[in-house]
2 protein chains.
Amino acid sequence: MIKGLPKVLVVDDEQDILELIRHSLAKEGFEVHIAANGAQAIEQAKKVKPEIIIMDVMMPVMDGMEACRQLKELPETKHIPVIFLTARSEEFAELAGFEAGADDYIAKPVRNRVLLSRVKAILRRRNALVTPEPEKYDFDNLKIDRERFVVEYDGRTLQLPRKEFELLSFLASRPGRVFSRDEILENVWGNEVLVVDRTIDVHVRKIREKLDDKFIYTVKGVGYKFES
Amino acid sequence: MIKGLPKVLVVDDEQDILELIRHSLAKEGFEVHIAANGAQAIEQAKKVKPEIIIMDVMMPVMDGMEACRQLKELPETKHIPVIFLTARSEEFAELAGFEAGADDYIAKPVRNRVLLSRVKAILRRRNALVTPEPEKYDFDNLKIDRERFVVEYDGRTLQLPRKEFELLSFLASRPGRVFSRDEILENVWGNEVLVVDRTIDVHVRKIREKLDDKFIYTVKGVGYKFES
DNA sequence: ATTCCTTTGTAACATAATGATTAAAGGACT
DNA sequence: AGTCCTTTAATCATTATGTTACAAAGGAAT
């Protein structure tokens, strides 16, 4: 359910603009790849399969328009939305950027806010059709309500801290199944795990405390499992 | 529901096209308002609250796309359907007009028949499908009246400022459900979000102040939720 | 059973993340 | 000009999260 960071490919020949955009997107939680011209962009696009491409129109070697055209022809990359950076907004219409297959454009100078919201808007539309996961797990005397972000245990309603909640909720998503600490880290903490796996133990401890040592069981040498 | 003549706002920088469309729509029984560019369009839209907007894509000052985007951001105008006029039909798909929030498009040259039937179709659809969004949320000692734009709390009637009202009202539309700040921004601020997410916190604070810290609860690390 | 070794539980602490709150700037509208 | 709304930024308090060290428990081999 938790997928990796969304990848963005940023293409611009001006080093400082590249850095600027890279930085602000990275801070927002994107995995940012870069290229300095159209040719590199195509190469990168094929390799990293970004969710979205942000590309300057004017570049040496191969300009953005031409690169976009080529990207829209390759089966592996034709579906990737492309946002153009242009000097002036009117320019874009004249430039026939849409003819080249671009999905949107942003006028320079690029304002972070605008860039981010535009990128997010496009990604949002793309992901709109993803199946939502079940929002409620229901056991004998324990309900886990992902929508309200609370668990109801033994009549009372508990507000677990996020990590504890996510951990419990993850284990409960496959009752009985044992998960190794690595699996847990990957699923609850996410792709870039920079946490010692014993951290899990501590969280488990806290959850057990709140749920009277029920529900989460240790399988020594293997991991943890949920059982009601 | 809609009383009086249905109002249409037509936006085009070319005077003769404007006149043409105005004439044929007026003959058909619409109250026609006009604007010559995106900026005027927004101004007019806010003032006359048309049932539908027909807008050229390419215009000086502010193009149709940008205008559409902005219209879809404003709470007063976001619900108004927008039809684009484009030079060629294929252009539209590429144009990402839908990204900007457009509801339909018509290829130029505009033929009266097509225009009329398209307009009528959209109006029909609206009237039929418009989510009968409850105009009133009613809780124990809190009523939210979207029609009058007021809340009644504890006997008294409060006039919350727009953003506070929209925020409260949005959270209350799904009581219990936790919304992340991003979700809130998307729904309350609109497609093109240009504010820092901490802005929400401040509005929440103000609402809480007025409602004695009831109703809006924080789920740390996740977001906010409404509960009565 | 005893010992040794590995794995897990627990508590205490340090640090990071997050939200509350306030003040103030800038805009829109009177 | 003045008011009110919206937004930002800065500070502060609180809680969440992660790490470590040591205790306890479990298992395997003798």
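- Nearest heavy atom pair, residue A/Lys225 against residue A/Gly176, reads CD-O, 3.5 Å.
- Along DNA chain D, the nucleotide closest to A/Pro161 and the one closest to B/Val202 are compared, and the more 5′ of them pairs with B/Val202.
- Here the C1' atom of nucleotide C/dA17 and the CH2 atom of A/Trp189 are 15 Å apart, to the nearest Å.
- A donor and an acceptor atom, one from each side chain of B/Lys214 and B/Tyr153, are located under 3.5 Å apart.
- Closest non-hydrogen pair, A/Val32 versus A/Ala26, comes out as CG2-N, 3.7 Å.
- Remark: P of D/dT19 and CG of A/Asp201 are 12 Å apart, rounded to the nearest angstrom.
- The separation between A/Arg162 atom CZ and C/dA17 atom P is 11 Å, rounded to whole Å.
- No more than 12 heavy atoms of other residues, nucleotides or ligands shown are found within 6.0 angstrom of CZ on B/Arg148.
- The pair A/Glu19-A/Arg22 meets the salt-bridge criterion, since a charged nitrogen lies less than 4.0 angstrom from a carboxylate oxygen.
- Within the helix from C/dA1-D/dT30 to C/dT30-D/dA1, the inter-axis angle between the opening and closing five-pair segments is 30°, rounded to 10°.
- With rounding to whole Å, B/His203 atom NE2 is found 16 Å from C/dG19 atom C1'.
- In this structure, B/Asp197 atom CG and C/dA17 atom P are separated by 15 Å, rounded to whole Å.
- Atom CZ of B/Arg181 is separated from atom C1' of C/dA17 by 12 Å (rounded to the nearest Å).
- Outside the 6.0 Å centre-distance limit, the rings of A/Tyr224 and A/Tyr217 are not counted as a close aromatic pair.
- Atom CZ of A/Arg198 is separated from atom P of C/dT10 by 11 Å (rounded to the nearest Å).
- Between A/Phe215 and A/Phe139, the ring centre distance reaches or exceeds 6.0 Å.
- Residues from residues 204-228 of chain A placing a heavy atom under 4.0 Å of any atom in DNA chain D, listed by number, are A/Lys206, A/Lys220.
- The phosphate of D/dT8 has OP1 or OP2 within less than 4.0 Å of a side-chain N or O from B/Thr199.
- Contact annotation: the side chain of A/Arg205 never approaches that of A/Asp201 to less than 4.5 Å [non-hydrogen atoms, C-beta and beyond].
- Between B/Ile200 atom CD1 and C/dA20 atom P there is a gap of 11 Å when expressed in whole angstrom units.
- Both tests hold for A/Arg177 against A/Phe179: distance to the six-membered ring centre under 6.0 Å, angle to the ring axis within 45°.
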